[in-house]
Amino acid sequence: MFLVIAFIVPYVGLRMMIPQDVSLVEGIYFVDNFSSPFNLSGLLFGVISLYFSYLLCNDEGKTLIRKYMFFSIPYLVMIAMVGLFGKSDCLSL
């Protein structure tokens, strides 16, 4: 619960101090991410690079990758919904 509050308080404070006419979400691209060959290739690249990184790690590194992936699930879900897998900043370690 502390982590949620630690995120929400600065976010709301910054949104109130810096007024913007910008939307956080331009659209929902969930279907596009799994139907476009370019976006599927971006997803495949992310999965393969994560797989090879996992193979090259010792037990401690594998534990760190599993923890990293677990705690980044909300971010990855948001990428699948509002981002495009074909972009270079998505699913990169």
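Count residues from 1 along the sequence. Worth saying up front: this structure is predicted, and the values here are computed from it rather than measured.
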Measure the spacing between CG of L50 and OH of Y68 and express it to the nearest 0.5 Å. 9.0 Å

Cluster link F70 to V47, ILVMFWY, side chain under 4.5 Å: yes

If the condition is side chain to side chain contact (heavy atoms under 4.5 Å, CB included), which residues does L56 pass it with, not counting sequence neighbours? none

Do you reckon F7 sits in the same ILVMFWY cluster as M16, going by side-chain contacts under 4.5 Å, direct or chained? yes

Which pair of heavy atoms, one from I5 and one from P10, lies closest together, and at what distance? O-CD, 4.1 Å

So which atom in S53 and which in C57 form the shortest heavy-atom distance, rounded to 0.1 Å? O-SG, 3.1 Å

Residues at least two apart in sequence or cross-chain that pass side chain to side chain contact (heavy atoms under 4.5 Å, CB included) with F52, listed by chain then number, are I48, L55

Quick one: do R66 and T63 satisfy side-chain contact (heavy atoms from CB on, under 4.5 Å)? Show the steps, please. CA-CA 5 Å; R66 283 194 298 266; T63 302; 3.4 Å; yes

Would L76 end up clustered with L64 when hydrophobic side chains under 4.5 Å apart are linked, directly or stepwise? no

Is it the case that one hydrophobic cluster holds both L43 and I73, taking links as side-chain heavy atoms less than 4.5 Å apart, direct or via other members? yes

Kindly write out the residues that satisfy ring-ring contact (aromatic ring centres under 6.0 Å, His included) with Y51, not counting sequence neighbours, or none if the list is empty. none

Are Y54 and M69 connected, step by step, through hydrophobic side chains (Ile, Leu, Val, Met, Phe, Trp, Tyr) whose heavy atoms are closer than 4.5 Å? yes

More than 12 heavy atoms of other groups within 6.0 Å of N58 CG: yes

Can you name the residues that form a side chain to side chain contact (heavy atoms under 4.5 Å, CB included) with V4, not counting sequence neighbours? I8

